[in-house]
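Remember, it's 1-based here, ligands and their atoms both numbered in the order they're listed. Keep in mind the model is a prediction, meaning the values are calculated, not measured. In what follows, residues are counted from 1 in the order of the sequence shown.
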Amino acid sequence: MAMRGVHIFTIWISFLLMLTTALAEDKKSYLARGSSVSTQNDTKTILVSPNGDFACGFYKVATNAFTFSIWFSRSSEKTVAWTANRDALVNGKSSRLTFRKDGSLALVDYNGAVVWSTNTTATGASRAELDDSGNLIVMDQTGHRLWKSFDSPTDTLLPLQPMTRDTKLVSASARGLPYSGLYTFFFDSTNILSIIYNGPETSSIYWPNPYYRSWENGRSTYNSSQYGILNQEGMFLASDQLQFEASDLGDKDVMRRLTLDYDGNLRLYSLNTTNSKWSVSWLAFPRVCEIHGLCGKNSFCTYMPSLQCSCLEGFEMTEPSDWSQGCRRKENIRVKGDHNANNNTEQRFIFVEIPKIDFYGYDFNYTLSVTLPVCKQICLNNDGCKAFAYRKGKGECFPKALLINGKKFPDPSNDIYLKFSKEASSSQLLASKPSHICKVTEKDAYPSSQMFEGTHSKFKFGYFLSSALTLLVVEVILVTVGCWATYKWGRRPEIRDKGYTIISSQFRRFSYKELEKATGFFQEEIGSGGSGAVYKGILDDNRKVAVKKLNDVIHGEQEFRSELSIIGRVYHMNLVRIWGFCAEKTHKLLVSEFIENGSLDRVLSDHQSLFPVLPWSQRYNIALGVAKGLAYLHHECLEWIVHCDVKPENILLDKDFEAKIADFGLVKLLNRGPSTHILSQVHGTRGYIAPEWALNLPITGKADVYSYGVVLLELVKGNRVSRWVVDGEEEVELAVKHTVDILKEKLARGDQSWLLDYVDCRLNGEFNYSQAALVLNTAVSCLDEERRKRPSMNSVVEILLSLME
Ligand SMILES: *[C@@H]1O[C@H](CO)[C@@H](O)[C@H](O)[C@H]1NC(C)=O
Ligand SMILES: *[C@@H]1O[C@H](CO)[C@@H](O)[C@H](O)[C@H]1NC(C)=O
Ligand SMILES: *[C@@H]1O[C@H](CO)[C@@H](O)[C@H](O)[C@H]1NC(C)=O
Ligand SMILES: *[C@@H]1O[C@H](CO)[C@@H](O)[C@H](O)[C@H]1NC(C)=O
Ligand SMILES: *[C@@H]1O[C@H](CO)[C@@H](O)[C@H](O)[C@H]1NC(C)=O
Ligand SMILES: *[C@@H]1O[C@H](CO)[C@@H](O)[C@H](O)[C@H]1NC(C)=O
Ligand SMILES: *[C@@H]1O[C@H](CO)[C@@H](O)[C@H](O)[C@H]1NC(C)=O
Ligand SMILES: *[C@@H]1O[C@H](CO)[C@@H](O)[C@H](O)[C@H]1NC(C)=O
């Protein structure tokens, strides 16, 4: 009876505890000095504003990469309003937000690196709160504000958050990515709120309209207070007399945000409470071609009805399907045509007229009131002149050194004359058309009202930008963050923008056409598996590649891309390098380096002696290489990537018989289950799969360790696991178990004489006994039924290195 009383008492107490924790969960009104929240806590939300409109916490960018952000809680998709560490993502494993004892609020990565912190060290900071306007505030005991997120916006300005001389909005580098992009909204030195494009080669302000002076744009340079604010009714007012209003002006209950989007357009969004979706209620550029940096040099932008970039006549895309790289001349201008008997510049060049178009800036020696021939002559006289613009009416002549930010320019009529050397041009120019057209259509983010004269009731725009600078930034970040850090295109409405191309200088998007060409319409199949067939191909730059047609890919295009971008990051000498991918409609392909000597299974199961027998030293080296590759995936990536299908078919051998693991990360791409973190849905290959698969336990890196153990045995025995089955009835799983049991017995013996019979007889006894014993010992421990007892891949590498010659 007494026992029972105690029992009930315990239950009662635990119930109370649960209740209080639940309540505490619910409240989360502030974070106190000295407290800390880890990314590992199940709930990623740390604080919620009292009105419930905003929350802050760990925002998942991709599988294991997080930012500390403030987001709108009432929109259907989490919409980030502010990010602490947009350029340095933290790991999902044991990173934390801590309100340190020294008074600063800090974001600490898994390795202890402080990625971000507030400047409240050595102050009386006592608590952090998220207020109803979405402002995260660090305050002291008296409520005095020491730091606020409103002072350091990222790409979004919230109502009542002032724009000042110290604040600026910087666009994201691409749709859905957190990283800093190339566009900035700020007060320039003349007190004008402007948007500047900071490209890798050029910078230019494109808003307000640079063709006009500030007063013509309705702005004033005189008020130097540099202050602007979006009020709760939806009206934006600034000290330079800039004023604009939301199409739903006056409604105080609407949630709004002003965001400098990744495409360089500034948009005011309103949240529709009925469907919890954002709609654009004002935007700076209804005509997107006025935004700088969209189409690269020597190309021009048109917009009817969606954004298009086209190369100028006689030019071709520098990088297929990446417009930010612009276009290059099909042939160079031959300026130094010395041996020409007729040494007359006028004879050596011709001009090709392209009417009603203009390129912004890079004019030199602007001349007014000249005739066309004079303007031509000015351009001829100067080697640096690539083209000139000419406006007939006033006889304005603009010789140009660089052709960037091109767009249609019908009024005033402005014609471009491209300078070409005669030899290079004559044949191809006559027949030329705009060589490449890039059409981008996109559904989200267009104004809901008829604010633009009703002509384009269906605005479609959006263009992915990638440029060397973004890439550089991203590259640097990724080097710092590690291989799991990634881009996110995720969780916004489905889009089909074709422009996202180069993710790094190496990893890029390929067009399906390009791959058709490279593989000769998928002629030479070099392998096939559950995930798809692999074809050999040769790229334009003569790189040999393996092109894999993926069979059954995860549905979300964006998810596909973000996971892919992680795979594209992974670089290790024992992993097959992924060069890029193709995603066009139903076509999903991966492009990777071509590995000369095929897969390990070819060599192992070669019973017709087609290949020379793999000598022991190479086998040992392959064992070590595979271990290194897996260790990299498991440990340097912090167990981010579990291969899930380690087997000889996925171990390729290069020309020096160095092992390279293929198909890592495919688990994330293939459509094998609704949940991305429960990998148990994925099926490995029988004989290689760890017992926990059958038990439906979560799959960790230790499952790969098991498969690796099987591969080790295969390497030593020189035959495939499928041949270990002694009589036809035995299951391959049982055969592995038997093999291990027998091996354990043998290893327990004192002498090593049995090795001679056990190791591949094709080696004729030519192997290192201590190495063989070590490999077999390692294999046995890798094949432990209990996964906790299996070694990590890191320790396997260490073990094997200990006997490396
Ligand atoms: C997060 O988890 C840690 C331990 O895992 C715990 O001490 C801490 O209180 C948790 N924080 C929240 C906000 O749940
Ligand atoms: C922190 O920086 C902000 C903006 O630079 C400044 O307004 C604030 O006073 C600083 N806080 C402390 C405690 O130094
Ligand atoms: C300058 O701008 C500020 C902020 O918009 C405003 O309060 C102030 O009255 C302006 N000053 C003048 C002289 O217009
Ligand atoms: C909000 O969305 C609903 C459903 O899509 C639509 O009917 C309604 O007109 C929208 N309201 C506004 C103000 O746009
Ligand atoms: C042609 O002109 C260049 C300079 O424009 C001069 O250097 C060169 O000597 C000339 N060649 C002949 C053959 O006249
Ligand atoms: C600019 O053009 C004028 C003719 O309009 C010419 O005399 C002058 O040399 C040119 N200057 C340069 C730097 O090309
Ligand atoms: C491995 O590659 C080298 C170089 O390409 C080649 O000479 C050799 O025959 C290949 N060996 C096998 C077994 O394919
Ligand atoms: C086997 O390898 C180990 C480590 O490289 C080496 O020390 C030993 O001499 C080798 N034994 C034979 C018999 O080659």
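Counting all heavy atoms, side chain and backbone alike, Leu136 lies closest to Trp147 at O-CZ3, 3.4 Å. Minimum interatomic distance between Val716 and Arg619 (heavy atoms only, all atoms of both residues): O-NH1, 4.0 Å. Closest approach of Gly629 and Leu575 over heavy atoms only: O-CD2, 3.8 Å.
Atom 14 (O) of ligand 3 lies below 4.0 Å from at least one non-hydrogen atom of the protein. Protein heavy atoms all stay at least 4.0 Å away from atom 9 (O) of ligand 8.
For ligand 4, the polar-atom distance check against Thr274 finds no nitrogen or oxygen pair separated by under 3.5 Å.
Geometrically, Arg267 does not engage Trp282 in a cation-pi contact, judged by NZ or CZ lying under 6.0 Å from the ring centre and within 45° of the ring axis. With Tyr59 as the aromatic partner, Lys78 does not meet the cation-pi criteria of under 6.0 angstrom to the ring centre and within 45 degrees of the ring axis. A cation-pi arrangement is not found for Arg762 relative to Trp616, the charged atom failing to lie both closer than 6.0 Å to the ring centre and inside a 45° cone about the ring normal.
Atoms of ligand 3 found under 4.0 Å from any heavy atom of Ser225 (numbered from 1 in listed order, with element): 1 (C), 2 (O), 3 (C), 4 (C). Proximity to Asn272 (heavy-atom distance under 4.0 Å) selects the following atoms of ligand 4: 1 (C), 2 (O), 3 (C), 8 (C), 10 (C), 11 (N), 12 (C), 14 (O). Each of the following atoms of ligand 8 lies closer than 4.0 Å to a heavy atom of Leu803: 4 (C), 5 (O).
Nearest protein heavy-atom contact of atom 11 (N) of ligand 3 is Asn223 ND2, 2.8 Å. Taking atom 2 (O) of ligand 8 as the reference point, the nearest protein heavy-atom neighbour is Asn768 ND2, 2.1 Å.
Here the rule is side chain to side chain contact (heavy atoms under 4.5 Å, CB included) with Leu146, and of Thr120, Thr118, Ile137 only Thr120 fits it.
Under 4.0 angstrom from ligand 3, the non-hydrogen atoms of Ser239 come from both its backbone and its side chain.
Of the options Asp251, Leu271, Asn275, the smallest heavy-atom separation from atom 4 (C) of ligand 4 is shown by Asn275.
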